[in-house]
Amino acid sequence: MNKSIFNSTFWFGCALFSIIAFLILRYIPDFYLEQYQTSAYIESGQIGDIVGGTTNPIIAIGAAFLTFLAFWMQYKANRQQRDDISLERFESNLYEMLHLHRENLFDLSCGKSNGRNAVLALCYKLKILYYLIDSIIELWPEPDKKLFLYYCDKYNYSQSEAKNIIASNLLFYGANFSYSYDGKSNERKLYDKLSRVIENFESNRTKISNKGCYDEHTFNLLSENISQFINEELTIDEVDKMILPDSLLCGYNEKLGVYYRHLYQIAKFVALKEGISEQTRYQYMRLLRSQLSDYEQVLLYYNSLTKIGEAWDECLIANDLKYKCKLWIKIRSCIYRPIQDWHKYKLLAIKAHKDSGTNTCASFIKHLLQSIREEWKNPSFVLKIRPKENWKCQMGLIARFRLIKNIPVSFNMFGYIPETKYLYEIIIYKNHNERFFEAKDPVIFGAPDN
């Protein structure tokens, strides 16, 4: 039998129907006998009337039950058919979106490289820009360096993260990115200063040619030239200049913007699909990830660090997995959170007793009540599925579906690396005996060895 038809709702209806039928058969005949003040069935009339009056309800109840069963099965069959049609439409749209993604990929270009080769070139160009920016900032005089430190403090970035973000913005938009800030802002001054130094380096140390390409060799040549250029500001012979396929600050927003917007819409489309399990949702996302080359995943990670890429770290949950009653969400969170963090409060209470001699029981209750107050204000258990099953649902899109799982070991990640950004998620995956990366095996202190 189809379990989706004979589910808990069906059996609840059957049980309720049976109870009502039993009450009718058990008490109605005696009720009528008591009304006519007689204690024997033979005194109440002809035996046939008694038998007919008793069996007719049984037959009628049985017929009613079979009619209910037929309507129920038809209702579930219609609902299943509607769900199947909805799923077919979803899969059809998904495959069409994946097809468009491939077309967007083949439209990408960097110099003479196209498609996936262009993505590889863009990864190395981003790496070149990062080390250019890193070298420029490190050798800047103190007043100019303060602009960068202000940028880090204002947006709460680490220095490596800020350099990655600046490099990604310049790769994406080119020198025109500074126009997104107010003319007198420190951010505008920072991007303008960096762009001018990079343009000066480009005019003195590089030349544009179709023979050029962005690869490891180009990066190594740049590393040898950048320090000397910043310190001495000397020009060199035309023959000795580095050959680049295009300008370092030409920008790729026209095509990269379409590529990333469409890629995000595919991930969002799957994440918000109702009526499917998390495991099925992950299988659909594997189709998307299988279309991403290793270097596409590298570029996706660095894009997610920027303001325009923050959406990749959003937690998107389908509506059918959320509780709609806000009061129930708060009550559930206030119950589940203390149970889940019971040992944590105990350890905190013991630590407080050792540090300051406070009463262990009072400290435990204090942490417990504080957790309940926080959960009442900001509930964390808003999903219908159990906490053991929804540990991935609380993560952003990249971590939840491991969209950077195949980052190549051969490519040296630079700046703010994934192991730093996704430290918490890597530990959770490790605790659930799953790998966040396919080939990489990051050593995370504090996570148990499996």
Side-chain angles (χ1 to χ4, degrees), residues 1-12 72-102 260-292 296-297 300 304 311-326 328-329 332-333 336 379-406 422 425 428-429 431-436 438:
M1 290 290 183
N2 190 344
K3 292 184 179 180
S4 64
I5 295 178
F6 300 105
N7 54 18
S8 58
T9 305
F10 170 79
W11 292 116
F12 174 78
W72 178 264
M73 294 184 68
Q74 184 62 43
Y75 163 75
K76 297 299 288 185
N78 291 341
R79 186 171 181 178
Q80 183 65 44
Q81 185 180 27
R82 186 170 64 249
D83 292 342
D84 291 342
I85 293 174
S86 175
L87 186 61
E88 288 178 4
R89 289 176 179 173
F90 165 77
E91 291 181 344
S92 177
N93 291 335
L94 176 61
Y95 295 141
E96 181 62 26
M97 294 175 81
L98 290 174
H99 176 71
L100 292 175
H101 166 74
R102 288 179 61 83
Y260 280 118
R261 284 192 295 270
H262 184 73
L263 186 63
Y264 173 75
Q265 289 303 320
I266 298 175
K268 183 179 179 180
F269 181 63
V270 176
L272 296 180
K273 169 61 181 170
E274 299 181 12
I276 58 177
S277 66
E278 183 65 14
Q279 184 62 30
T280 303
R281 201 184 315 275
Y282 181 73
Q283 294 303 319
Y284 285 124
M285 288 303 296
R286 286 182 65 185
L287 292 175
L288 173 61
R289 193 179 67 209
S290 66
Q291 298 295 313
L292 301 177
E296 284 180 81
Q297 296 181 31
L300 172 62
S304 71
W312 286 106
D313 290 321
E314 288 181 352
C315 180
L316 299 179
I317 307 296
N319 289 330
D320 63 332
L321 296 180
K322 298 178 182 178
Y323 285 110
K324 296 182 180 179
C325 178
K326 294 183 178 180
W328 170 241
I329 291 174
R332 187 171 182 267
S333 295
Y336 269 103
S380 55
F381 292 88
V382 299
L383 304 182
K384 295 180 180 179
I385 51 181
R386 291 174 295 187
K388 289 184 178 180
E389 299 174 350
N390 71 1
W391 59 275
K392 288 184 182 179
C393 295
Q394 305 293 339
M395 299 179 183
L397 291 174
I398 286 180
R400 179 181 176 186
F401 300 115
R402 290 186 281 186
L403 293 178
I404 58 172
K405 179 182 177 183
N406 307 108
Y422 295 111
E425 288 83 355
I428 293 179
Y429 270 98
N431 291 338
H432 285 83
N433 297 318
E434 293 188 34
R435 297 175 65 92
F436 189 83
E438 182 178 47

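Everything numeric here is computed off the predicted structure, so don't read it as measured data.
The minimum heavy-atom distance linking Tyr429 with Ala399 is given by the pair OH-O, 2.7 Å. Minimum interatomic distance between Arg400 and Ile317 (heavy atoms only, all atoms of both residues): NH1-CD1, 4.1 Å. Minimum heavy-atom separation, Cys393 to Cys315: O-SG, 2.8 Å. When all heavy atoms are compared, the tightest approach of Asn406 to Gln297 is N-OE1, 2.7 Å. Smallest separation of non-hydrogen atoms from Leu397 and Ala271: CD2-CB, 3.9 Å. Shown here for Met97 and His262, the closest heavy-atom pair between the two residues is O-NE2, 2.8 Å.
Atom-to-atom distance recorded for Leu300:CG and Ile404:CD1 is 7.5 Å, nearest 0.5 angstrom. Expressed to the nearest 0.5 Å, how far CD of Glu88 lies from CG of Asp84 amounts to 6.5 Å. The CD atom of Glu296 lies 9.0 Å from the CD atom of Gln291; values are rounded to the nearest 0.5 Å. Atom CE in Met285 sits 8.5 Å away from atom CD1 in Ile266 (nearest 0.5 Å). To the nearest 0.5 angstrom, Leu292 atom CG is 7.0 Å from Leu403 atom CG. Rounding to the nearest 0.5 Å gives a distance of 9.0 Å between CZ of Phe90 and OH of Tyr95.
Taking the salt bridge (charged side-chain N to carboxylate O under 4.0 Å, His left out) definition, one finds that Asp83 meets it with nothing, sequence neighbours left out. In terms of the side-chain hydrogen bond (donor to acceptor under 3.5 Å, both in side chains) criterion, Tyr260 has no residue partners (sequence neighbours excluded). Judged as a salt bridge (charged side-chain N to carboxylate O under 4.0 Å, His left out), and not counting sequence neighbours, the contacts of Arg281 are Glu278. Gln283 pairs by the side-chain hydrogen bond (donor to acceptor under 3.5 Å, both in side chains) definition with Arg286, not counting sequence neighbours. Applying the side-chain hydrogen bond (donor to acceptor under 3.5 Å, both in side chains) criterion to Asn93, with sequence neighbours excluded, gives no partner residue.
Relative ring orientation between Tyr282 and Phe401 is described as parallel, the plane-to-plane angle staying below 30° on a 0-90° scale split at 30° and 60°.
Within the 3.5 Å criterion, the main-chain N or O of Glu438 finds no donor-acceptor partner in the side chain of Arg402.
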Exercise. Please walk me through it: do Leu263 and Trp312 pass side-chain contact (heavy atoms from CB on, under 4.5 Å)?
Worked result: CA-CA 10 Å; Leu263 186 63; Trp312 286 106; 3.7 Å; yes
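Within the 4.5 Å cutoff, the side chain of Leu94 has no heavy atoms near those of the Leu288 side chain.
For residues 92-102, no residue pair satisfies the salt bridge (charged side-chain N to carboxylate O under 4.0 Å, His left out) rule, not counting sequence neighbours.
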